[in-house]
Enquirer: 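Here's a structure for you.
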Number of protein chains: 2
Amino acid sequence: MRIGELGQAAGVDVETIRFYEKSGLLPAPARSENGYRAYGSTHLERLAFIRHCRALDIPLSEVQRLLEFVEHPNADCGDIDQLIDTQLAKVRARLKSLKALEKQLSSLRGRCGAKHIAGECGILHELVAAAHKEACVCHGHFEPKTLAT
Amino acid sequence: MRIGELGQAAGVDVETIRFYEKSGLLPAPARSENGYRAYGSTHLERLAFIRHCRALDIPLSEVQRLLEFVEHPNADCGDIDQLIDTQLAKVRARLKSLKALEKQLSSLRGRCGAKHIAGECGILHELVAAAHKEACVCHGHFEPKTLAT
DNA sequence: AGAAACCCTGTAGTTACTACAGAGTCAAGG
DNA sequence: CCTTGACTCTGTAGTAACTACAGGGTTTCT
């Protein structure tokens with residue numbers, strides 16, 4: 001099948017498929033006489049594998065490694081569980097920070113009254129006030145990454 | 001104060017500060033005779049405001065808008081609560097998908113036994129099996145019927 | 001035949017930073 | 001005074017994972 005068909009079968013953009021090929025994740029397929037890529041089921045499976053891993057937020061570099069393991073069943077796979085552990089830790093950390101973020105945003109949202117003049121906007125006041133508080137060096141450094149990451 | 005001092009005061013990288021200036025978020029400051037940037041407390045407050053918004057995952061383009069409201073207190077601020085609502089919706093959606101992801105990864109992690117050969121790795125088997133027949137929660141596009149070529 | 005959809009390669013853009021490179025300035029120490 | 005390391009400057013490029021052209025060729029359908 002051609003690239004468009006592969007894309008439809010796997011629910012992936014053709015440009016993403018080309019991107020994966022260029023990145024080395026997908027092997028370059030055979031070509032028809034007109035130069036079009038000609039894919040078979042092997043590519044489809046591999047692409048599905050990649051997309052499934054991506055859905056698990058596994059970085060492409062790690063997906064590459066997993067694919068190598070698939071290709072070499074006799075290789076030592078001691079790192080795979082560690083990879084999943086790393087992902088799990090990341091997800092849990094992110095969940096934690098997002099929950100805090102949701103709480104902050106909800107609180108901020110609650111400050112919006114019926115007023116529609118910027119000078120009287122509770123949200124804006126709160127954002128400015130927060131900036132004032134943080135701008136005071138007595139309160140230490142505000143590190144957004146710890147919340148937003 | 002110089003850029004390094006501003007960065008320390010706000011807990012921001014000097015390169016990020018220059019980035020913000022270039023992006024138009026921070027006004028270009030006065031310069032000393034040697035060409036160094038000379039900042040005052042106004043910049044510090046504005047930077048803190050920006051960082052606080054970033055901590056709330058507010059995109060820079062929206063931070064820019066908020067800053068404009070701060071500068072024009074008489075402007076209609078009808079969009080600000082909507083901005084926060086949009087952020088809240090994003091955060092909640094992301095929370096939902098991350099929870100599903102955590103569940104999947106935990107399940108996947110549970111498949112790892114004591115084996116350390118790739119060919120016998122439960123995690124790898126599951127990833128490959130998923131590519132064959134299962135749509136994951138976040139992916140959703142892959143359907144077995146489209147396997148037919 | 002013509003138009004639209006598909007394909008190709010190569011380049012550039014998105015978002016929010018982050019990291020140089022090469023050169024100038026400053027402050028402390030020998 | 002000189003040296004050295006830290007700081008500053010502007011400009012460019014890179015990061016991750018795509019996504020969107022541009023310009024040109026091929027296929028399919030009306």
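Just so we're on the same page: letters track the sequence lines, and every chain starts at 1. Both backbone and side-chain heavy atoms feed into the values below; hydrogens, waters and symmetry mates do not. The structure presented is a predicted model; accordingly, all values stated were derived computationally and were not measured.
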Enquirer: Any carboxylate oxygen within less than 4.0 angstrom of a Lys/Arg side-chain nitrogen, looking at B:R65 and B:E68?
Expert: no
Enquirer: Which residues pass the salt bridge (Lys or Arg N to Asp or Glu O under 4.0 Å) test with A:D13, sequence neighbours left out?
Expert: none
Enquirer: Tabulated below should be each protein N or O lying under 3.5 Å from an N or O of nucleotides 27-30 of chain D; please produce it.
Expert:
{"from": "D:dT27", "atom 1": "OP1", "to": "A:N34", "atom 2": "ND2", "distance (Å)": "3.1"}

Enquirer: Which sits closer to the 5' end of DNA chain C, A:G4 or B:D13, going by the nucleotide each is nearest to?
Expert: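 Per heavy-atom nearest nucleotide, the more 5' residue is A:G4.
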Enquirer: Bend across the helix from C:dA1-D:dT30 to C:dG30-D:dC1, to 10°, with axes taken over 5 pairs at each end?
Expert: 10°
Enquirer: Please give, in whole Å, the distance from C:dC8 C1' to A:I17 CD1?
Expert: 14 Å
Enquirer: Given D:dC18, is OP1 or OP2 found less than 4.0 Å from the side-chain N or O atoms of A:Y20?
Expert: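 Answer yes for this pair, as a side-chain N or O of A:Y20 is under 4.0 Å from OP1 or OP2.
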Enquirer: Would you list the protein and nucleotides 10-12 of chain D atom pairs, both N or O, that sit under 3.5 Å from each other?
Expert:
{"from": "D:dT10", "atom 1": "OP1", "to": "B:R31", "atom 2": "NH1", "distance (Å)": "3.3"}
{"from": "D:dT10", "atom 1": "OP1", "to": "B:R31", "atom 2": "NH2", "distance (Å)": "2.6"}
{"from": "D:dT10", "atom 1": "OP2", "to": "B:R37", "atom 2": "NH1", "distance (Å)": "2.9"}
{"from": "D:dT10", "atom 1": "OP2", "to": "B:R37", "atom 2": "NH2", "distance (Å)": "2.7"}

Enquirer: Tell me: OH of A:Y39 to C1' of C:dC6, nearest whole Å?
Expert: 14 Å
Enquirer: How many Å lie between CG on A:L26 and P on D:dC18, as a whole number?
Expert: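 Going from A:L26 (CG) to D:dC18 (P), I get 12 Å.
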Enquirer: Please state how far atom CD1 in B:I3 lies from atom C1' in C:dT25, giving the value in whole angstrom units.
Expert: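 The distance from CD1 of B:I3 to C1' of C:dT25 comes to 15 Å, rounded to the nearest Å.
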Enquirer: Run the salt-bridge test on B:E102 and A:K90 with the 4.0 Å N-O cut-off and return the result as yes or no.
Expert: no
Enquirer: Starting at atom CG of B:L47, determine the distance to atom P of C:dC17, rounded to an integer number of angstrom.
Expert: 11 Å
Enquirer: Please identify each residue that fulfils side-chain contact (heavy atoms from CB on, under 4.5 Å) with A:D85, with sequence neighbours left out.
Expert: B:R109
Enquirer: Does D:dT19 have OP1 or OP2 under 4.0 Å away from a side-chain N or O of A:T16?
Expert: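 Indeed, a polar side-chain atom of A:T16 lies that close.
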Enquirer: So does A:R51 get a side-chain nitrogen or oxygen closer than 4.0 Å to the phosphate oxygens (OP1/OP2) of D:dC18?
Expert: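 Yes, A:R51 has a side-chain N/O under 4.0 Å of OP1/OP2 on D:dC18.
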Enquirer: Would you please name every residue forming a salt bridge (Lys or Arg N to Asp or Glu O under 4.0 Å) with A:R37, sequence neighbours left out?
Expert: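 Applying salt bridge (Lys or Arg N to Asp or Glu O under 4.0 Å) to A:R37 gives A:E21.
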Enquirer: Examine the side chains of A:Y20 and A:R51 and answer whether a donor and an acceptor come within less than 3.5 Å of each other.
Expert: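 A:Y20 vs A:R51: donor-acceptor pair found between side chains.
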Enquirer: Mind calculating the distance between CZ (B:F19) and P (D:dG14) to the nearest angstrom?
Expert: 17 Å
